[in-house]
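I have placed the structure first, in the form of structure tokens, so that the comments after it can refer back to it.
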Amino acid sequence: MADEIKTNPAVASTHDAQLLAENIVAGEGKAPNVDFEADYAAAQEMSVSEVAKTPEGAKLAEEAVAPKYEITQPEETETVAVETGNRDDFMDMANEISGNEAVTSVDDDLIKKALEMGQPGK
């Protein structure tokens with residue numbers, strides 16, 4: 001289906017289009033016949049080369065767009081947490097993660113020291 005060309009020189013997008021529109025309005029030129037659907041169909045035909053339509057061409061095209069590096073698949077690992085009910089196991093794990101040695105026993109001297117540190121200065 002041919003589309004109508006609008007020949008208004010004031011809305012032409014380029015200088016060449018403005019000159020063409022002025023010539024058409026003045027009767028010095030003829031409006032070109034544009035069929036967008038036919039042009040689109042022709043472009044689709046030209047967008048695929050004859051080589052790409054063959055099995056060898058399809059293989060070459062696939063190789064051209066293939067990733068350049070091999071992508072490895074992640075390995076699945078299964079972790080089993082064994083419940084021991086032993087508080088020391090948890091404390092050991094917490095110390096490993098934090099990197100700090102926790103206080104494992106509280107005695108009277110430690111409590112006195114904590115209370116002294118909590119008192120305001122004299």
Side-chain angles (χ1 to χ4, degrees):
M1 172 181 167
D3 291 312
E4 181 182 333
I5 302 296
K6 295 190 167 97
T7 56
N8 183 354
V11 295
S13 60
T14 64
H15 182 66
D16 289 337
Q18 183 181 7
L19 290 176
L20 179 61
E22 288 172 355
N23 287 338
I24 293 169
V25 170
E28 298 173 9
K30 184 179 175 187
N33 186 14
V34 179
D35 189 349
F36 289 105
E37 291 175 7
D39 288 348
Y40 181 76
Q44 294 300 311
E45 286 294 319
M46 290 189 286
S47 69
V48 179
S49 70
E50 294 300 318
V51 174
K53 294 178 183 176
T54 65
E56 295 84 17
K59 183 179 178 186
L60 289 173
E62 186 177 325
E63 289 174 2
V65 296
K68 295 183 190 289
Y69 303 103
E70 182 181 336
I71 298 173
T72 59
Q73 294 297 323
E75 294 180 12
E76 300 251 347
T77 57
E78 188 173 323
T79 304
V80 178
V82 179
E83 221 178 289
T84 62
N86 186 352
R87 181 177 179 273
D88 293 334
D89 291 340
F90 174 76
M91 292 301 290
D92 292 341
M93 180 187 69
N95 288 333
E96 287 175 15
I97 291 172
S98 69
N100 297 330
E101 283 297 319
V103 176
T104 56
S105 64
V106 178
D107 57 6
D108 291 337
D109 292 334
L110 185 62
I111 293 174
K112 285 179 188 175
K113 186 176 179 183
L115 288 172
E116 287 172 7
M117 291 179 73
Q119 297 295 323
K122 297 180 182 177

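Nothing fancy with the numbering, it's 1 onward along the sequence.
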Glu62 atom CD: more than 12 heavy-atom contacts under 6.0 Å: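 Check fails, neighbour count at 12 or below.
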Taking atom CG as the centre, does Asp39 end up with more than 12 heavy-atom neighbours from other residues, nucleotides or ligands that are less than 6.0 angstrom away?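 More than 12 within 6.0 Å, yes.
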Tightest non-hydrogen contact, residues Ala31 and Ile24, listed as CA-CD1, 3.6 Å
Might you point out which heavy atoms bring Val25 and Pro9 nearest each other, and give the distance in Å? CG2-CD, 4.3 Å
With rounding to the nearest 0.5 angstrom, report the CD to CG distance, Gln18 to Asp16.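 Between atom CD of Gln18 and atom CG of Asp16 there are 10.0 Å.
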Atom CG of Leu20 and atom NE2 of His15: how far apart are they, to the nearest 0.5 Å?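 The distance works out to 11.5 Å.
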